[in-house]
Amino acid sequence: MKKVLMLSFIAMCSLTASLASCGGRPERTSTTLELCIYDGGYGKEWVKAVCEDYEAKTGIHVNYTMDMSLLDRIQNQLSGESQYDIFMSHDINWQTYAAQGWLAPLDDLYERVIDGTNQTFASRLVDGTLENSKTEGEDGTEHYYKVCYTQGAGGLVYNVDLFEKNNWKVPETYDELVELCKTISSTPIPGGDRGATYSPFAWSGSDRQYYWDYLVFPWWYELAGADKINTILEYKGPDGKYSDGYEMYNPDTYYKEFIQAYEMWYDLVAVSENNNSIDNAYSTNLVTAQSAFANQTAAMIPYGQWAQFEIKNSTHKEDLGFDIEMMKTPTANPNSTTHYNYLVGFGDSMIIPASSPYIEEAKDFLAYLATYDACKIFVEKSEGAFLAFDYSDVDLSDLAESDSYIYSMSKILTECENFNLVSQNPITIWNTNAVMPWIENKYYYQNACSDPTANSPENVGEAMYTTARQGWSGWLMNAGLSD
């Protein structure tokens, strides 16, 4: 089936190749690995540190390029003679690249015993990675073609000092979060403008409204349960057929809990009787939101694992002047004691081009990343992000003691029930910009704050269901599943 599915992709690649040259691969006079890494919220210090540590251990030099435009040119790189030996990024369309024979299979890497441990590479990875790293290659058989990059966490980052000074209790449940917001929004800012009170949330509707997913998704997972969400991810209708799989978006049945989770956010942020957000948050850019949090006029900010590094970098502060932590997402059920964590960025990938002259050396570098030393370096230098490896035997005690944010991230990843929404279903793979949770990547957080009535939970649920019904035949065709 993959061969049939690839016809349109091949045509697209041919057109792209005719418009933009891949360029020749620079000559290398010695074994030097070349890395190309998406320049996201983790910074460059971790790359510099791991490359230096790897060279000290192996003698192999590693160059790295940090590139925010990586995804615009990766296809041309992979289809020709890539100048890079490893790519690391979010949103890599690795399944289609593997089907074209553009990626090196990594089966032997997954069987390799990692230095300093008694574990294989496969056993060093966190749960959920193996099934999301294997796909059918050009030879028609399944192989491992990627390594999951980070495991991730997301939710509400809060000002620890501000909470302690005002005796605000970190909420365990949604109901407690609602009450906390009422308290915060009625607390005067000492020395502030007359009548000024703290804002519970700083957030950006114009840049990163999707950060609210990091609360909504855990609420959805808790309300619906793993079995129901896994059923939805199959995209098959009530009779187990793809033909009416759009029923997975029915807000009265399968998608009911997703709309309930959205409604929890809607009541908390979009239509709250109190002003729970900084002024005009729905049209505010990220820098303004970060500044409100850094200037301590807002107590919390929704964010992913890269929060500490990015907020410091954006506000040009080496030290924020106060401690921050990411709280465990408050439970949807007031009687629940289990907190859930959505593994933000879990689908991010590390791949090796099949055209690399140093495939074995590149595999060795990926194996090095699974070592305890590399895992610790990544956490320290990224200021709180974690690679997608098991950290249970990695000693982070000194980092946790000196950095409250790293400590909170470690607690979330070890004490919460972690889950991801990555799917290997062909509908997911071949309709990457159309499928769930938000159809066609249309978020409603910004619009709900600017026009609450039009974006009520009832209207949003029906709009998503209608879009799925109308687009379903095309989605099936793209996935090669139509009759």
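Note that the coordinates shown come from a computational prediction; the quantities given were computed from them, not determined experimentally.
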Ignoring hydrogens and angles, state whether a donor on the side chain of His143 or Asp107 is under 3.5 Å from an acceptor on the partner side chain.
yes

Taking the side chain as every heavy atom from C-beta outward, state whether Tyr368 and Val50 have any pair of such atoms under 4.5 Å apart.
yes

With Arg112 as the cation and Tyr110 as the aromatic partner, state whether NZ or CZ is under 6.0 Å from the six-membered ring centre and within 45° of the axis.
no

Check: Ser382 side chain, Phe378 main-chain N or O, donor-acceptor pair, under 3.5 Å
yes

Looking at Phe309, is its backbone amide N or carbonyl O close enough to the side chain of Asn313 to form a donor-acceptor pair, meaning the two atoms are under 3.5 Å apart?
no

Donor-acceptor check, side chain of Ser356 to backbone of Asp85, threshold 3.5 angstrom: yes or no?
no

Is the ring centre of Trp203 less than 6.0 Å from the ring centre of Tyr210?
no

Gap separating the CD atom of Glu360 from the CZ atom of Phe365, nearest 0.5 angstrom
16.0 Å

Ser349 (side chain) donor-acceptor with Gly347 (main chain) under 3.5 angstrom:
yes

Which word best sums up how the rings of Tyr255 and Trp220 line up, parallel for under 30°, tilted for 30 to 60°, or perpendicular for over 60°?
perpendicular

N/O donor-acceptor pair under 3.5 Å between Asn132 side chain and Gly128 backbone
yes

Any sub-3.5 Å donor-acceptor pair from Asp239's side-chain atoms to Lys241's backbone N or O?
no

State which residue, out of Tyr342, Phe201, Phe217, fulfils the ring pair (Phe, Tyr, Trp, His ring centres under 6.0 Å) condition with Trp212.
Phe201

When Tyr42 is tested against each of Gln305, Glu310, Lys381 for side-chain hydrogen bond (donor to acceptor under 3.5 Å, both in side chains), which residue passes?
Gln305

